[in-house]
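Structure, as structure tokens:
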Amino acid sequence: MDNQGVTTDPQLQQFIEIESQKQRFQQLVHQMTEVCWEKCMDKPGPKLDSRTEVCFVNCVERFIDTSQFILNRLEQTQRSRGTFTETMTD
């Protein structure tokens, strides 16, 4: 009989990992929205002018590029140490 409990259930582990990924994605979107809003939005109005829209597009693209670069660098660092454990904290 297996006495390790439900932590060895592959379906549960997969569900937890998927939910964790969703949470990390939502945190990333929230952080990106906050950063880009502060950088690009001078005065809220009924619609975005072209300068503000371009600022938002550039901000989001740079945020995504930077986040991906950091994740890749962390992964490389972990691999060079022999193991990769995914950790994303604030």
Side-chain angles (χ1 to χ4, degrees):
M1 186 97 189
D2 185 5
N3 291 332
Q4 293 181 4
V6 293
T7 57
T8 59
D9 181 355
Q11 287 180 324
L12 179 60
Q13 287 178 339
Q14 184 178 16
F15 173 78
I16 290 170
E17 179 59 31
I18 290 169
E19 291 303 309
S20 295
Q21 288 175 356
K22 287 179 187 177
Q23 182 183 16
R24 288 191 298 268
F25 180 75
Q26 288 172 343
Q27 289 172 336
L28 189 64
V29 169
H30 176 75
Q31 185 181 8
M32 178 180 57
T33 301
E34 190 175 314
V35 166
C36 293
W37 182 269
E38 289 296 319
K39 179 175 178 45
C40 297
M41 186 54 73
D42 292 331
K43 48 186 180 279
K47 65 181 227 174
L48 295 178
D49 61 27
S50 61
R51 183 184 62 81
T52 304
E53 188 174 345
V54 168
C55 180
F56 272 117
V57 168
N58 289 334
C59 181
V60 168
E61 287 177 355
R62 295 300 72 78
F63 192 94
I64 291 170
D65 289 346
T66 302
S67 297
Q68 190 62 48
F69 174 81
I70 291 169
L71 288 174
N72 289 341
R73 183 58 63 123
L74 287 172
E75 186 176 287
Q76 288 172 355
T77 302
Q78 290 296 330
R79 262 198 237 123
S80 70
R81 292 183 183 164
T83 60
F84 176 70
T85 54
E86 183 174 286
T87 56
M88 283 190 64
T89 58
D90 286 339

Can you give the donor-acceptor pairs under 3.5 Å from side chains of residues 32-46 to other protein atoms, not counting sequence neighbours?
{"unit_1": "Thr33", "atom_1": "OG1", "unit_2": "Val29", "atom_2": "O", "d": "2.8"}
{"unit_1": "Asp42", "atom_1": "OD2", "unit_2": "Arg51", "atom_2": "NH2", "d": "2.6"}

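- Annotation: side chain to side chain contact (heavy atoms under 4.5 Å, CB included) contacts of Glu19 (sequence neighbours excluded): Phe15, Lys22.
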Can you give each donor-acceptor pair under 3.5 Å made by side-chain atoms of residues 55-66, sequence neighbours left out, with the distance rounded to 0.1 Å?
{"unit_1": "Asn58", "atom_1": "ND2", "unit_2": "Val54", "atom_2": "O", "d": "3.4"}
{"unit_1": "Arg62", "atom_1": "NH2", "unit_2": "Asp65", "atom_2": "OD2", "d": "2.7"}
{"unit_1": "Thr66", "atom_1": "OG1", "unit_2": "Arg62", "atom_2": "O", "d": "2.8"}

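- Looking only at atom types and distance, the side chain of Gln68 has a donor-acceptor partner in the side chain of Asn72 under 3.5 Å away.
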